[in-house]
Amino acid sequence: MHNGTTITQFIIEEQRKIEGATGDFTSLLNDIVTACKVISNMVNKGELIGVLGSAGSENVQGETQKKLDILTNEVFLRSNEWAGHLSAMASEEMEEIYGIPSQYPRGKYLLTFDPLDGSSNTDVNVSVGTIFSILRCPGERVCPNRDAFLQPGTQQVAAGYALYGPSTMMVLTTGNGVNGFTLDQDIGEFILTHSSMTIPEDTREFAINCSNMRFWEPPVKRYVDECLAGAEGPRGEDFNMRWIASMVAEVHRILTRGGIFMYPLDAKMKARGAEGKLRLMYEANPMGFIIEQAGGVASTGRERILAVKPRDLHQRVPVILGSRNEVERVVAYHAEADSEAAA
Ligand code: AHM
Ligand code: MG
């Protein structure tokens, strides 16, 4: 028997603090929570229900889709299209936006999501997650076009992720701090277990895919070299490294015990005209919002992620986020390198 606060209770109590709130937003969050519970169940059953492996198709990014990428995208669409809170949705798995079908009422919000981030990890039974971001629909319940989504991250009304790990967790911000909820499988409810999550300012743990080292820009190489030099190097301390290849799991670790996560711009990306690996609208922005709300910093190395003015729905950006002092150090290294290059 639990006696904690359920996520529904938490969201309703938050709503009461907002004058004039209609309950629309609360109800939208509840539908997202339901979608994440369904996805959690699917991911948990895995091969028992035949959902692992490749679907044999490619998404808009030219990446091979897993069966679970397609199934979880459908879960999100079906859970969130009917209730009248949204005007349109956009996802990593869909080239075009998804306008709410005409048989349903249209609402005042837009939803972007990555239904299963880190899905290359599903076949090997490593943690994956769902990332989402809620924006206001400009104009009143009109049929929005792609441009309606192109709002900077500072405009987000809420953002969150579900982490499908040893426990399933939901971490949420509505711009008033960050709170974490753990799914109690026996009663099917997320219970508040991690209130007011904050990121330690200092860390001795970094996360980056070192196989790309030879392609990195000098400031990133400098930062990682200094970490690797450990107690004998300029930092005078030993550092630890982690790389899960599931951004949700990395961000969750950073929210729990601090750290820095980097997927920087590199020469390989530049050569093919890409501006980063991770997507702004449904990966970098929601995670940036959560990180900032927990006291951390989220940057491209040259700009605050939430200030990036989006040009495209599926735009990619470099991502450097986590503990304040380490991220600021990497940003300073970028500024130094850029001013030396300009001199
Ligand atoms: P995805 O959205 O196709 O799953 O890609 C995003 C994931 C992140 O979760 C993770 O940080 C990164 O890709 C891992 O990339 P890599 O395989 O290059 O290390
Ligand atoms: Mg992703």
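Just so you know, ligand 1 is whichever comes first in the structure, and atom 1 is the first atom listed for that ligand.
- Distances from the Mg ion (ligand 2) to the N/O/S atoms of Asp117 are shortest for OD1.
- At a heavy-atom cutoff of 4.0 Å, ligand 1 is contacted by no atom of Tyr282, backbone or side chain.
- Glu92 has its closest N, O or S atom to the Mg ion (ligand 2) at the position named OE1.
- Residue contacts with ligand 1 for Glu250 are absent, since no atom lies close enough (heavy atoms, distance under 4.0 Å).
- Residue Gly118 has at least one nitrogen or oxygen atom sitting less than 3.5 Å from a nitrogen or oxygen atom of ligand 1, judged on distance alone.
- The pair Arg204-Asp238 fails the salt-bridge criterion, with no side-chain N (NZ, NE, NH1 or NH2) lying under 4.0 Å from an Asp/Glu carboxylate O.
- With Asp184 contributing its side chain and Glu189 its backbone, the two residues share no donor-acceptor pair below 3.5 Å.
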Lys37 and Asn41: CA distance, side-chain angles, deciding distance, side chain to side chain contact (heavy atoms under 4.5 Å, CB included) verdict:
CA-CA 6 Å; Lys37 284 189 209 168; Asn41 188 44; over 6 Å; no
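- Counting just the N/O/S atoms of Asp114, the one with the shortest distance to the Mg ion (ligand 2) is named OD2.
- The Mg ion (ligand 2) is closest to atom OE2 of Glu283 (considering only N, O or S atoms).
- An N or O contact shorter than 3.5 Å links Asp114 to ligand 1 by distance.
- Here Asn212 has no heavy atoms under 4.0 Å from ligand 1, in either its backbone or its side chain.
- Using a 4.0 Å cut-off between heavy atoms, Val248 makes no contact with ligand 1 at all.
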